Amino acid sequence: MDLTIVGCSGSYPGPESAASCYLAVADGFRLLLDVGNGSLGALQRHADLAGIDAVCLTHLHADHCLDMCSYHVVRTYHPAGPFPPIPVYGPDGTADRLAMAAGPDAGRAMTESFDFVTLKPGTFGIGPFTVTVDHMRHPVETFGFRLEHGGRTITYSGDTGPAESLVGLAAGADVLLCEASFAPGPGLPPDLHLTARQAGEHAARAGVGRLVLTHLVPWNAGDDAAGEAAAAYRGPLSLAEPGMVL
Ligand SMILES: [Zn+2]
Ligand SMILES: [Zn+2]
């Protein structure tokens, strides 16, 4: 499987990247992980918007889901459309939240563009992928994702504070795509985000083959996130960049 970084800016779009969006492809099946603000533009560099087969949303913060409103417009009003509904896996309340964000005048209902599926911790299939999800530690219900295909595994943290469930989801993964939002410092709030060093600690404990730091927040630009993570994780380590393919 390939996973393309469509957008990786943390908490809001940055000058060089949209907010969170990742495109996983296997056997020609295209699965989007998060559709944060700004990502629908960047996505068109990597995929035909009519060719997405399924969407997974880790949680309902704007930087992970808001461009679903624009994607609803594409699927409804494209000259070749309307396109048939595709499955959207998300936390409880996803359909209502997205419909509210789109507004009452959005025309065709969100539920005609998308078949919403409420996530619960566990393992299931999406196209050719074996997907395992578990709760992360964040102020709203948030899921981390483990994607397996062809003997390879990629785990994506979504947004989370330190979490045993993330270590479990990432156990033995080839790649851990892990958020590293916080700059190091005292008094960081619990159950919100990870520092780069904490991302490294989770990667080391899970024994992953490679760590890719993502969701770095533009207001921390210039921090040595890679150096911080390397203090805890000795394996291959990189920072996510738009267009990077894992
Ligand atoms: Zn976020
Ligand atoms: Zn969040």
Side-chain angles (χ1 to χ4, degrees), residues 3-24 32-43 55-71 88-98 100-101 118-119 121 133-147 154-163 165-166 169-170 176-185 188-199 202-203 211-221 223 225 228-229 239-242 244:
L3 187 137
T4 300
I5 312 284
V6 178
C8 55
S9 185
S11 300
Y12 59 100
E16 308 299 338
S17 178
S20 296
C21 183
Y22 309 94
L23 173 65
L32 280 183
L33 288 172
D34 283 340
V35 188
N37 41 349
S39 65
L40 200 70
L43 177 60
V55 177
C56 292
L57 300 175
T58 58
H59 65 301
L60 299 178
H61 281 157
D63 61 315
H64 295 259
C65 72
L66 207 56
D67 269 18
M68 285 296 287
C69 296
S70 303
Y71 193 34
V88 175
Y89 299 80
D92 190 30
T94 295
D96 289 345
R97 175 68 66 81
L98 293 179
M100 242 191 306
T118 300
L119 287 170
V133 301
D134 203 355
H135 281 129
M136 298 292 105
R137 300 184 71 88
H138 201 53
V140 297
E141 186 179 34
T142 300
F143 291 90
F145 281 76
R146 178 184 177 98
L147 299 186
I154 294 180
T155 294
Y156 168 44
S157 65
D159 284 1
T160 189
S165 53
L166 177 58
L169 272 190
L176 171 58
L177 180 64
C178 191
E179 78 118 283
S181 307
F182 277 154
L188 296 173
D191 298 338
L192 187 57
H193 288 299
L194 298 171
T195 64
R197 178 184 285 257
Q198 288 171 328
H202 284 68
L211 173 62
V212 180
L213 299 178
T214 192
H215 203 278
L216 276 71
V217 183
W219 62 50
N220 294 330
D223 284 5
E228 287 283 322
L239 303 184
E241 293 176 18
M244 177 189 275

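Fair warning: this is a prediction, and the values are worked out from it, not measured in the lab. Atoms within a ligand are numbered from 1 in the order they appear, just like the ligands themselves.
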- How about H193: does one of its N, O or S atoms come closer than 2.8 Å to the Zn ion (ligand 1)? no
- Message: When you measure from the Zn ion (ligand 2) to the N, O or S atoms of D63, does any of those distances fall below 2.8 Å?
- Response: no
- Message: Under 2.8 Å from the Zn ion (ligand 2) - does any N, O or S atom of H64 fall there?
- Response: no
- Parallel, tilted or perpendicular for H64 and H59, by the 30°/60° rule? tilted
- Item | Residue H59, metal the Zn ion (ligand 2), N/O/S under 2.8 Å | yes
- Item | Under 3.5 Å: donor-acceptor pair, side chain of T214, backbone of C178 | no
- Task: Return the name of the atom in D159, of element N, O or S, nearest to the Zn ion (ligand 1).
- Result: OD2
- Applying side-chain hydrogen bond (donor to acceptor under 3.5 Å, both in side chains) between E179 and each of H202, H193, H138, Q198, report the one that passes. H193
- Might you point out which heavy atoms bring A180 and L213 nearest each other, and give the distance in Å? CB-CD2, 4.1 Å
- Task: Calculate the angle formed at the Zn ion (ligand 2) by ND1 in H61 and NE2 in H138; 10° precision is enough.
- Result: 90°
- Note on the structure: Only residue of S9, S181, S157 satisfying side-chain hydrogen bond (donor to acceptor under 3.5 Å, both in side chains) with H215 is S181
